[in-house]
Amino acid sequence: MQGQVLRHKRKWRGEWQRFSCRRRRRPLSEYRPDSDLARACDEASAREGVEANGKSRLHLVVLGHVDAGKSTLMGRLLHELGHISQKTVHKAQRDATAAGKGSFAWAWLLDERAEERSRGVTVDVASTFFETPKHLVRLLDAPGHRDFVPNMIAGAAQADAALLLVDGSVGGFEAGFDAGGGMGGGQTREHAQLARSLGIEQLAVVISKLDTCAFSQERFEQVKGALLPFLRTSGFRESQVQWLPAVGPSGQNLTDHPTEPALSSWWRGPSVVAAIDAFRPAARALERSLRMPIADVFKGLRGGLAVGGKLEGGALKVGTRVLVQPGGHQAMVRSVEMDGQAAALARAGDTADVVLAGVDATALAVGAVVCHPDWPVPVAGRLEARIVVLDLPLPILKGRQVSVHVHTAQESGQISRLVSVLNPKTGEVTKARPRALTKGQTAVVEISVARPMCVELYTDYRALGRIALRDGGHTIAVGIIVSLLDSD
Ligand SMILES: Nc1nc2c(ncn2[C@@H]2O[C@H](COP(=O)(O)OP(=O)(O)OP(=O)(O)O)[C@@H](O)[C@H]2O)c(=O)[nH]1
């Protein structure tokens, strides 16, 4: 059953009929970019190096357990890099102190900026831009609280690399990393596992708050020693993981080697900025057909409805005809904005705001996908996924209700069939039709969703072929989509 693709099977029934796109999909391998779009992409690639001073775009997500120090570190970093003025810092300090939350002044810088940008947002991930010597960084500051993990997933789904903030203080690390009685535990674990399952391979683990234990090298190594085996089993390659200490409030090891003697005496590695510069930007998948999962829907500044998101493949420009799935809604690109500026073109790897003309507002929702009309993204109500079962106290049984996450989409569904248990190394079936799945097992399951979702086979389109299953506020399994059933 694995790998079987039922691409053209149609089932017209009830609500499904309204969601289905009446087009027959052509194989992705046949895709050739439209010639004027291809020319515009070539010209943009030629200009790119000059306009961006040779810098490349990087989507970076900041992850970590609640209160690990993510916002503080990034607020201070933006100030050090000249993106936040001294005046704004003073104001945030005054406001935070007046509210009896003086220690949150740096964090408030980022939070306040997020509010300013708010425009009926649907994804509560603060997003801002900064430059490092090598990169133009789009920063996504994901909320650490477990209630907001779905937002974190939407943020991480767009990222090329992640900073994982880990509270190094005594008790702080343990709280974020604790297995939590077998129900997923702290968000250090869950964020790391989700990040990897969402395709993030490059990670910098920033151990914060070492000032609370006299900048102890021993504590740094202890935290690293506890976390490294877990990251390995989560699928990170050691060569792709950097480790570094940093203290947000005093700015230690953010842009330069630390000035604090207790830290500089033993730390020889990179600063946060150097670690970010060591990340490789993702290659632009221009040869793929257009896929832009919608992360945000809002009113465009110059009228019309706009959608925001990252182009996972292809390109679009003013005048491009697109299709919005589910539903097969035709639309025309009226304008494109990137980094708050009007742009002629958006290409794979860019995050853009796109105003669409000729489309009904009801078609535009977070989790819908803007795609090429001749190569529409499949919409499936039932699919098979190869999953790894995470830390959970109760086994997964057939019928388990789950929240299904794929790119920016989230839908309720159920595990409708346990297909097989696999040997994780060889992929061989070790048990067909198991009665239950337990922690650590690799398995193929069938998932049915309440409303059909835009998904792809992992082998066709990785960014839209990764899946996470959550239940009761915890991620219970992560995996890849191996077969589309009832898809159109
Ligand atoms: N001593 C010390 N305190 C820190 C450090 N980094 C952050 N803090 C403090 O930790 C608290 C939480 O910091 P935040 O930056 O809000 O943490 P966060 O990870 O963004 O929290 P959420 O967004 O709620 O997940 C604040 O009081 C900060 O001042 C650090 O390196 N050392």
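FYI, side chains are in, hydrogens and waters are out, and symmetry mates aren't considered; it's all heavy atoms of this structure. This is a predicted model, so every value here is computed, not measured. As the structure lists them, so they are numbered: ligands from 1, and atoms in each ligand from 1.
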Practice task
Mind running salt bridge (charged side-chain N to carboxylate O under 4.0 Å, His left out) on Arg219 and Glu174 for me, showing each step along the way?
Solution key: CA-CA 12 Å; Arg219 178 66 177 163; Glu174 289 72 12; 3.0 Å; yes
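Of all the heavy atoms of Ser169, none lies under 4.0 Å from any atom of ligand 1, so neither backbone nor side chain is involved.
For the atom pair CG (Leu383) and CG (Leu484), the distance works out to 6.5 Å, reported to the nearest 0.5 Å. Note that the CG atom of Asp471 and the CD atom of Gln401 stand 8.5 Å from one another [nearest 0.5 Å].
Using a 4.0 angstrom heavy-atom cutoff, Pro249 counts as in contact with ligand 1. At least one heavy atom of Asp211 sits less than 4.0 Å from an atom of ligand 1.
Considering backbone and side-chain atoms together, Ala68 places an N or O closer than 3.5 Å to an N or O of ligand 1.
Classification of Glu238 and Arg232 as a salt-bridged pair holds, one side-chain N sitting under 4.0 Å from a carboxylate O.
Heavy-atom proximity to Thr212, at under 4.0 Å, picks out these atoms of ligand 1: 1 (N). Of all atoms in ligand 1, numbered sequentially from 1 with element shown, those under 4.0 Å from a heavy atom of Gly248 are 31 (O). Counting the atoms of ligand 1 from 1 in the order shown, those under 4.0 Å from a heavy atom of Lys70 are 15 (O), 17 (O), 18 (P), 19 (O), 20 (O), 21 (O), 22 (P), 25 (O). Ligand 1 places these atoms under 4.0 Å from at least one heavy atom of Gly69: 6 (N), 7 (C), 13 (O), 14 (P), 15 (O), 17 (O), 18 (P), 19 (O).
When the ring-ring contact (aromatic ring centres under 6.0 Å, His included) test is applied to Phe279, no partner is found at least two apart in sequence or on another chain. Here Trp267 pairs with Phe220 under the ring-ring contact (aromatic ring centres under 6.0 Å, His included) rule; sequence neighbours left out.
If you check each of Lys209, Gln252, Arg76 against atom 10 (O) of ligand 1, the one with the closest non-hydrogen atom is Lys209. Within the set Asp167, Thr72, Leu63, the minimum heavy-atom distance to atom 15 (O) of ligand 1 is found for Thr72.
Of the possible donor and acceptor atoms, none in the side chain of His191 sits under 3.5 Å from a partner among the backbone N and O of Leu63.
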